[in-house]
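Have a look at the structure below before the remarks.
Per chain, numbering begins at 1; letters A, B, ... match sequence-line order.
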Number of protein chains: 2
Amino acid sequence: MSQKMDPLALENQVCFAMYSATNALIRAYRPLLDQLSLTYPQYLVMMVLWKESGISVKTLGEKLHLDSGTLTPLLKRLETKALVIRDRNKDDERVRVLHLTEAGKALHQQAKGIPELMRCKVGGDAEQLRQLKQLCENALMNLKD
Amino acid sequence: MSQKMDPLALENQVCFAMYSATNALIRAYRPLLDQLSLTYPQYLVMMVLWKESGISVKTLGEKLHLDSGTLTPLLKRLETKALVIRDRNKDDERVRVLHLTEAGKALHQQAKGIPELMRCKVGGDAEQLRQLKQLCENALMNLKD
DNA sequence: ACATATTTAATTGCGCACAAGTTAATATCC
DNA sequence: GGATATTAACTTGTGCGCAATTAAATATGT
C-alpha cells in the first residue's frame with residue numbers, strides 16, 4: 001500500500017502537523033518571553049488578566065481551556081513573581097479572585113512588541129493566518145461538542 | 001482600541017488557537033490510545049517504527065522534531081511495556097538502534113481503526129483537513145528555517 | 001433545620017517538552 | 001599516535017496538561 005493512502009503514516013497525520021507546529025511556535029516564543037520571565041501558558045494567563053482582572057480560576061480556565069490542576073500551580077508561580085494576587089471572593093469563599101499587581105499591569109507595555117515579532121517568525125500572509133486560526137477553532141469546537 | 005485590532009487579545013492569537021486545538025486533539029486520542037496502553041507521543045514513535053524499524057534515536061528525533069531528552073525516557077517506557085528493544089549499533093557504540101518486538105509489531109493491527117475514528121471527532125471535510133495540515137507544515141518550516 | 005448534592009479549587013501522580021550539562025564513543029588534525 | 005573536537009545519547013531540573021481524588025464552601029430538597 002502506498003504511503004499516500006496509509007492512514008497510519010506520519011505524513012498523513014493532521015494532528016502530528018498541528019502538534020509539531022505548536023511545539024515549534026511555543027519554542028519560538030521562548031526567547032521573547034524570557035525577557036518578561038514568562039512561559040507561554042503564563043503569557044496566555046497574563047493576556048486574559050490584562051483585559052479583565054478580578055475573574056475566578058474557573059472563568060480563566062474556561063477562556064484558556066485549562067483546568068485547575070494546570071492553573072493553580074501556574075498562578076502560584078505568577079504570585080511568587082509578584083505579578084498576580086490570588087484573592088478570595090468575600091461572598092463565596094470557594095472562588096479565587098485573580099488580580100494583577102502594578103508590576104503585572106506594567107508588563108503589558110513590555111509585551112506590546114511580541115505579536116509583531118512572532119508574525120515574522122511564523123511567516124505566511126494575513127489571509128493564511130486567518131484561515132489557520134479559523135480551522136483550528138473549528139476543530140476545537142467539534143472536539144468539545 | 002477595539003478588540004479586533006488589539007494584537008495582545010486572546011481572540012487574535014493564531015498560536016493560542018493551535019495550542020488549544022492540539023491539546024483537545026490529544027485529549028480526544030486518549031480514550032482510543034488507552035486501549036493500546038499508549039500515550040500520543042508514544043503512538044507517534046510507534047507509527048515511525050511500524051514503517052521503519054532499526055533506526056537511531058537521532059533519526060527518530062528528526063522525524064518527530066523531538067530531542068533525546070524527550071525520547072530517551074519515552075523509549076524506556078516502551079521497552080518496559082515490551083513493545084520496543086533499545087539495541088546498540090555494533091559499528092558505533094554511541095547510537096541506539098530501535099527495534100519492535102513481536103508485540104510492538106502486532107499493535108499495528110489494533111491501531112488500524114484509530115485514524116478513521118479521529119476523523120469523525122475532528123470533523124471538517126477532506127479539503128479543510130488537507131489545508132489545516134498544509135498550513136501547519138508551512139508554519140513549522142518557517143520556524144525551523 | 002438538616003441531610004444531600006453540587007460547585008470551586010487544590011492536590012497527587014504521571015508523562016511529556018525542552019534547556020543545560022554530562023558521559024562515552026568516534027572523528028579529525030597535527 | 002596523541003591531543004582536540006565532534007557526535008549520540010543520557011541525565012537533571014523546571015513547568016506544563018490532565019486524570020483522578022480530596023476538601024471545603026455553598027446550594028438544594030424536604
Next on the checklist: Less than 4.0 angstrom between a side-chain N/O of B:Lys76 and OP1 or OP2 of D:dT11, yes or no?
Outcome noted: yes
Checklist entry - How are the rings of B:Trp50 and B:Tyr43 set relative to one another: parallel (under 30°), tilted (30 to 60°) or perpendicular (over 60°)? => result perpendicular
Checklist entry - Which sits closer to the 5' end of DNA chain C, A:Pro73 or A:Arg94, going by the nucleotide each is nearest to? => result A:Arg94
Checklist entry - Using a cut-off of less than 4.0 Å, is there contact between a side-chain N or O of A:Arg27 and OP1 or OP2 of C:dC18? => result yes
Checklist entry - Does a nitrogen or oxygen in the side chain of A:Arg88 sit under 4.0 Å from OP1 or OP2 of D:dA25? => result no
Item to check | Side chain of B:Lys58 (C-beta onward), nearest among C:dA10, D:dC16, D:dA9 | outcome: D:dA9
Item to check | Charged N-O contact under 4.0 Å between B:Glu116 and B:Arg119 | outcome: yes
Item to check | Protein-nucleotide distance (B:Arg30, atom CZ; C:dC14, atom C1'), rounded to Å | outcome: 10 Å
Next on the checklist: Of the listed nucleotides (C:dT26, D:dC18, D:dC16), which one gets closest to any side-chain atom of A:Pro41?
Outcome noted: D:dC16
Next on the checklist: Quick check: do A:Leu100 and A:Met46 have side-chain heavy atoms less than 4.5 Å from each other?
Outcome noted: yes
Checklist entry - B:Leu64 CG to C:dG15 P: how many Å, rounded? => result 18 Å
Item to check | Among C:dC18, D:dC10, C:dA9, the one nearest A:Thr72 by side-chain distance | outcome: C:dA9
Item to check | Degree of bending in the helix from C:dA1-D:dT30 to C:dC30-D:dG1 once both end axes are built from five pairs, to 10° | outcome: 10°
Item to check | Nearest-Å distance for atom pair CD/P, residues A:Glu79 and C:dA9 | outcome: 14 Å
Next on the checklist: Counting the atoms with a prime plus P, OP1 and OP2 as sugar-phosphate, which does B:Leu74 contact under 4.0 Å by heavy atoms, base, sugar-phosphate, or nothing?
Outcome noted: sugar-phosphate
Checklist entry - Are B:Leu132 and B:Gln128 side-chain neighbours, meaning at least one heavy-atom pair lies under 4.5 Å? => result no
Item to check | Interatomic distance, B:Leu66 CG vs D:dA9 P [rounded to whole Å] | outcome: 14 Å
Item to check | Interatomic distance, A:Leu33 CG vs D:dT14 C1' [rounded to whole Å] | outcome: 16 Å
Checklist entry - Is any side-chain heavy atom of A:Ile85 closer than 4.5 Å to a side-chain heavy atom of A:Leu98? => result no
Next on the checklist: Measure CG/A:Asp92 against C1'/D:dT28 and give the value in whole Å, please.
Outcome noted: 15 Å
Next on the checklist: Taking the nucleotide of DNA chain C with the nearest heavy atom to each, does A:Val97 or B:Ile26 sit closer to the 5' end?
Outcome noted: A:Val97
Next on the checklist: With a 4.0 Å cutoff (strictly under), does any side-chain N or O of A:Ser68 reach OP1 or OP2 of C:dA9?
Outcome noted: no
Checklist entry - Does B:Gln42 reach the side chain of B:Lys81, with side-chain heavy atoms less than 4.5 Å apart? => result yes
Item to check | pair A:Arg86-A:Lys76: side-chain heavy atoms closer than 4.5 Å | outcome: yes
Next on the checklist: Taking the minimum atom-to-atom distance to the side chain of B:Gln42, which one of C:dT7, C:dC16, D:dC16 wins?
Outcome noted: C:dC16
Checklist entry - Are A:Gln134 and A:Asn138 close enough that a side-chain donor and a side-chain acceptor fall under 3.5 Å? => result yes
Checklist entry - Would you call the rings of A:Tyr19 and B:Tyr40 parallel, tilted or perpendicular if under 30° counts as parallel and over 60° as perpendicular? => result perpendicular
Item to check | Of A:Arg77 and A:Asn89, the one whose closest DNA chain D nucleotide lies more 5' | outcome: A:Arg77
Next on the checklist: For D:dC10 and B:Arg86 - does any side-chain N or O of the residue sit under 4.0 Å from the phosphate oxygens OP1/OP2?
Outcome noted: yes
Checklist entry - At under 4.0 Å between heavy atoms, what does B:Asp91 touch on the DNA or RNA strands: base, sugar-phosphate, or nothing? => result sugar-phosphate
Next on the checklist: Is A:Tyr19 close enough to C:dC16 that one of its side-chain N or O atoms is under 4.0 Å from OP1 or OP2 there?
Outcome noted: no
Checklist entry - With respect to the phosphate group of D:dC18, does any side-chain polar atom (N or O) of A:Thr70 fall under 4.0 Å of OP1 or OP2? => result no
Checklist entry - Tell me: OH of B:Tyr40 to C1' of D:dC18, nearest whole Å? => result 17 Å
Next on the checklist: Given D:dC10, C:dA25, C:dC18, identify the nucleotide with an atom nearest to the side chain of B:Val57.
Outcome noted: D:dC10
Checklist entry - Are A:Ser56 and C:dA9 close enough that a side-chain N or O sits under 4.0 Å from OP1 or OP2? => result yes
Checklist entry - In whole angstrom, what separates B:Arg96's CZ from C:dT23's C1'? => result 13 Å
